[in-house]
Amino acid sequence: MLPRANRLLKKNDFNNVWQNGRSAFGQFLGIKAIKNELGLTRFGIMIGLKVSKKAVERNKIKRRLREAIRALSPLLNLNFDVAISVLPAAKEKNLAELKNALEEGFKRLRILK
């Protein structure tokens, strides 16, 4: 679980990232990021009903993504707000594949150190 300080919680924060952020889309993840002035990196995960109608499956994907973010967090630059949009192809992916997709997206956005 990500600490509360490292999560995007407000709708305005999500909208700001989604409208003004740089994007990197892959086969099963879309990532948008924008600089912030908070001294830490915050993450938000968006997963819709198109991915799965079952909340259990959507939450399973979220838990895998949070674990991948936690593993990659020491390698990330600070001062970013990141919104991750999950596409339907992510339903069949395991933790390693999601982690690789996140790492690739972060490299494209130049968030990794």
Side-chain angles (χ1 to χ4, degrees):
M1 187 72 137
L2 289 171
R4 188 172 179 88
N6 292 95
R7 289 187 262 166
L8 284 177
L9 298 173
K10 297 181 181 174
K11 186 176 181 178
N12 289 339
D13 293 336
F14 270 103
N15 287 340
N16 182 37
V17 174
W18 205 250
Q19 291 172 0
N20 302 321
R22 296 183 324 214
S23 63
F25 280 83
Q27 294 176 353
F28 42 91
L29 291 178
I31 304 170
K32 287 204 166 217
I34 191 169
K35 278 274 211 191
N36 69 27
E37 302 297 327
L38 302 175
L40 55 101
T41 300
R42 301 185 301 172
F43 298 92
I45 300 172
M46 298 178 285
I47 181 166
L49 289 174
K50 288 184 180 180
V51 175
S52 175
K53 297 225 184 278
K54 296 180 180 179
V56 172
E57 292 177 1
R58 293 192 309 268
N59 290 335
K60 188 175 182 179
I61 295 168
K62 281 185 194 178
R63 285 193 303 271
R64 288 179 179 165
L65 283 172
R66 286 189 195 118
E67 176 59 27
I69 290 169
R70 189 191 63 74
L72 291 172
S73 64
L75 305 173
L76 297 176
N77 292 324
L78 296 178
N79 298 337
F80 280 96
D81 284 342
V82 180
I84 301 167
S85 177
V86 180
L87 303 175
K91 186 175 171 183
E92 294 87 26
K93 304 302 178 190
N94 61 21
L95 175 62
E97 291 169 320
L98 290 174
K99 183 178 174 184
N100 288 338
L102 271 177
E103 190 172 1
E104 181 182 316
F106 290 160
K107 283 180 184 176
R108 277 197 234 152
L109 293 172
R110 297 184 186 106
I111 295 177
L112 283 177
K113 289 182 183 174

query = If you round to the nearest 0.5 Å, how far is NZ of Lys60 from NZ of Lys54?
reply = 11.0 Å
key: side chain to side chain contact (heavy atoms under 4.5 Å, CB included) evaluation trace for Glu37 with Asn79   = CA-CA 6 Å; Glu37 302 297 327; Asn79 298 337; 5.9 Å; no
ask   = Does Glu67 use its side chain to pair, donor to acceptor, with the backbone of Arg64 at less than 3.5 Å?
value = no
Which atom of Gly105 lies closest to which atom of Ala24, heavy atoms considered = O-CB, 3.9 Å
remark   = Apart from Leu102 itself, members of its ILVMFWY cluster (side-chain separation under 4.5 Å) are Leu2, Phe28, Leu29, Ile31, Phe43, Ile45, Ile47, Val51, Ile61, Leu65, Ile69, Leu72, Leu75, Leu76, Phe80, Val82, Ile84, Val86, Leu98, Phe106, Leu109, Ile111, Leu112
message = If you count heavy atoms of other groups shown closer than 6.0 angstrom to CZ of Arg110, is the number above 12?
response = no
query = Any idea which heavy atoms bring Glu92 and Glu97 closest together, and the distance?
reply = O-OE1, 4.3 Å
ask   = Do the side chain of Thr41 and the main chain of Asn6 share a donor and acceptor less than 3.5 angstrom apart?
value = no
message = Within a 6.0 Å radius of atom NZ on Lys99, are there more than 12 heavy atoms belonging to other residues, nucleotides or ligands?
response = no
inquiry  = Quick check: closest heavy atoms across Ala83 and Val17, and the distance to 0.1 Å?
reply    = CB-CG1, 3.7 Å
inquiry  = The test is side chain to side chain contact (heavy atoms under 4.5 Å, CB included); show your working for Asn15 and Lys10 and say whether it passes.
reply    = CA-CA 9 Å; Asn15 287 340; Lys10 297 181 181 174; over 6 Å; no
inquiry  = For the backbone of Asn20 and the side chain of Asn16, can you confirm whether one donor and one acceptor N or O come within less than 3.5 Å of each other?
reply    = no
request  = Report the C-alpha separation of Lys35 and Asp81 in whole Å, then their side-chain angles, then the decisive distance to 0.1 Å, and conclude whether the side chain to side chain contact (heavy atoms under 4.5 Å, CB included) test is met.
outcome  = CA-CA 6 Å; Lys35 278 274 211 191; Asp81 284 342; over 6 Å; no
query = Do any N or O atoms from the side chain of Lys32 and from the backbone of Trp18 form a donor-acceptor pair under 3.5 angstrom?
reply = yes
More than 12 heavy atoms of other groups within 6.0 Å of Gln27 CD = no
ask   = Would you say Ile34 and Arg22 make side-chain contact, with heavy atoms under 4.5 Å?
value = no
query = Should side-chain heavy atoms under 4.5 Å link Ile, Leu, Val, Met, Phe, Trp and Tyr, which residues sit in the same cluster as Val56?
reply = none
